[in-house]
Amino acid sequence: MKNYYITTPIYYVNDKPHIGHAYTTILADTLSRFRQLINQKTFFLTGLDEHGLKVQQAAEKNGANPQDHCDTMAPAFLELWKRLNIQYSDFIRTTEERHVKIVQNILTEVYNNGDIYKDKYEGWYSIAEERFITKKELDSGLFRDVKKIEEENYFFKMSKYQDQLIKKIEDDKEFIQPSTRKNEVLGFLKQDLSDLCISRPKTRLEWGIEIPFDKDYVTYVWFDALINYISSPKYSEDKNNFEENWPADVHLIGKDILTTHSVYWPTMLMSLDLPLPKTIFAHGWWLTDEEKMSKSLGNIISPLMLIDEFGVDSVRYYLMSEMVLGLDATFSMDSFIKRYNSDLANDLGNLVSRVSTLIDKNFDGIIPQCNDDKNDLSNQLSNIDIEEKLNTFKMDGLIQSIMDFVRSINVYMEKNQPWKLVKEDKDLAGIVLYNAAESLRIATLMLSPVMPQKSQEILDTLGSNDSSLEWGGLKSGEKIGSINPIFPRIVK
RNA sequence: GGCGGAGUAGCUCAGUUGGUUAGAGCAGCGGAAUCAUAAUCCGCGUGUCGGGAGUUCAAAUCUCUCCUCCGCUACCA
């Protein structure tokens, strides 16, 4: 059976990882874990983009050769993913031999197809910037040392697939999401698509994958990078493995790299005669005070600082629940603390305490007897449709529907008052507490993709190791675990 | 400029193909309770659904127009 295949972009190593990288990767991880929760097999790919001019320049600046530079940058990402509890299936680096080889296979294949040709390129080149600049940039007058140069390069016949791509985007609602991005791409495709220059002469740029049919050139970094999505599952090398994974079910990307993913990439796949990814989903940006976070503005929130202060799972929960997928969201300490306290400390954490303490005090810490699988709470569970929310990428909505259920457990407690009931009808109080605890167990499992560690702590407190979402997983007669505040309130 | 999107309660957002008194969470106000992390529960919104006009038995939802904000227009999660 085919895996649910989910990807993040491969991150460019000229910069240390920041909250944007962390967000996309946590999102992918959470989606992947949710898919697993509903019994789907997943393949989750992330990695690093290590070629290109900017990496070469960053390396030179540090007095290192490019490969060494990449090798020192990579651990920063790996370390962060470890700290964030990212369970990727594969981590690919574009300098790895396995990737280089497949990129070259593909270049050869596309070349043999007749979709790559050599041509002269003429344009304005900025010597200071070491790159070609656009007409607009030239007109801006901001660039000095500009001269018109002519250069021979290899081009990919992207224009050949323009009509086919337009039709695909128009016909398939799921292909580019959210729909506003789809319109954006269609708008872009109204102009004539030019062919894509996919080579750089080594005289100008050395750090890249050598073009297999011309040793004087390296591959343009985007052409190289996008291929990671199929080099990891071993395109052209392992048919079975490839078909178990490809096509990707979703490429998660930031809205800034929409064009490369929804124009370059699909046309490349068309040339290879491969199926296209089912969905390309562009999410928004995290803003602080309505501004994009960026290094130059110095308003970057360090993911590590947040984790150190509040714990990994609180950060994961905040990022996943606060952003409406596809829109921008504003990050603030205030909203972080508010959400943490109201959702995690008050609603969920406190509920764990009250239920487990009642069982501890009144039933010697033994899960009471119960055979009541039709009750207010079990009925409400059917309101949560995980798969539907996943299919429509409504992460915030999914979390909210689970938290609604958690709140309804608090309501159930108020309504049935087991702390009073225990004095009148102990068996009945036991049933109430069982239902509350069992609901909590299921709700916790449902939150485990978002908060893997904290969920385990709650399940330990409830004395459960059952991983079924079906009612009745909590075993009467078992002993509950020790009771500690799972989410201590943040007091400002 | 061209193309596209958005404007719904103090804040963040839901509102399916037009149809019963426009919703949720948070914040605020009042009350109940005291098992629990001073947590929880209940009640409370005269919101011009950006303004105006139109279509219709009926519009936040369709049409037109105006206003405001934003995105894309080949660097970048």
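In the text below, chain A, chain B and the rest are named by the order of the sequence lines, each starting its count at 1. Computed from a predicted structure; not experimentally measured.
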With A:Y317 as reference, evaluate A:V312, A:I26, A:T30, A:L344 under the side-chain contact (heavy atoms from CB on, under 4.5 Å) test and give the passing residue. A:L344

Produce the list of close N/O pairs, under 3.5 Å, pairing protein atoms with atoms of nucleotides 23-29 of chain B; give distances to one decimal.
none

Touch check for A:Y23, heavy atoms < 4.0 angstrom, all strands: base, sugar-phosphate only, or nothing? nothing

Using side chain to side chain contact (heavy atoms under 4.5 Å, CB included) as the criterion, list what pairs up with A:V250, not counting sequence neighbours. A:Y4, A:I6, A:L252, A:T279, A:F281, A:F393

Just to be sure I understand the rule, does A:S194 reach a base, reach only the sugar-phosphate, or reach nothing, if contact means heavy atoms closer than 4.0 Å? base

Need one value for A:Y12: base, sugar-phosphate or nothing, where a base atom within 4.0 Å counts as base even if backbone is also close, heavy atoms only. nothing

Could you list all the salt bridge (charged side-chain N to carboxylate O under 4.0 Å, His left out) pairs where at least one residue sits in residues 340-360 of chain A, not counting sequence neighbours? A:R339-A:D343, A:D343-A:R407, A:D347-A:R407, A:R354-A:E414

Near RNA chain B, which residues from residues 419-435 of chain A have a heavy atom under 4.0 Å away? A:W419, A:K420

Looking at every strand, decide which applies to A:I257 at a 4.0 Å heavy-atom threshold: base, sugar-phosphate, or nothing. sugar-phosphate

Show the atom names and distances, to 0.1 Å, of all donor-acceptor pairs under 3.5 Å that link a side chain in residues 421-433 of chain A to residues at least two apart or in another chain.
unit_1 : atom_1 : unit_2 : atom_2 : d
A:D425 : OD1    : A:D427 : N      : 3.3
A:D425 : OD1    : A:L428 : N      : 3.1
A:K426 : NZ     : A:N362 : O      : 2.9

Under the 3.5 Å Watson-Crick or G-U criterion, the dot-bracket string of RNA chain B, with | for inter-strand pairs: (((((((..((((.....[...)))).(((((.......))))).....(((((..]....))))))))))))....

Just to be sure I understand the rule, does A:K361 reach a base, reach only the sugar-phosphate, or reach nothing, if contact means heavy atoms closer than 4.0 Å? sugar-phosphate

With sequence neighbours left out, the residues meeting salt bridge (Lys or Arg N to Asp or Glu O under 4.0 Å) with A:D171 are A:K167

According to salt bridge (Lys or Arg N to Asp or Glu O under 4.0 Å), who are the partners of A:K182, at least two apart in sequence or on a separate chain? none

ring-ring contact (aromatic ring centres under 6.0 Å, His included) partners for A:Y318, two or more places apart: A:W286, A:F331, A:F336

Assign A:T24 to base, sugar-phosphate, or nothing according to its heavy-atom contacts below 4.0 angstrom with the strands shown. sugar-phosphate

Which residues pass the salt bridge (Lys or Arg N to Asp or Glu O under 4.0 Å) test with A:K168, not counting sequence neighbours? A:D172

What integer number of Å spans the P atoms of B:rU17 and B:rG5? 15 Å

What pairs with A:D119 under side chain to side chain donor-acceptor pair (under 3.5 Å), at least two apart in sequence or on another chain? none

Using a cutoff of under 3.5 Å, can you pull out all pairs of nitrogen or oxygen atoms linking the protein to nucleotides 69-72 of chain B, with atom names and distances?
unit_1 : atom_1 : unit_2 : atom_2 : d
B:rG71 : O2'    : A:R181 : NH1    : 3.2
B:rG71 : O2'    : A:E184 : OE1    : 3.1
B:rC72 : O4'    : A:E184 : OE2    : 3.3

So, does A:W222 get its side chain near the phosphate of B:rA74, meaning an N or O under 4.0 Å from OP1 or OP2? no

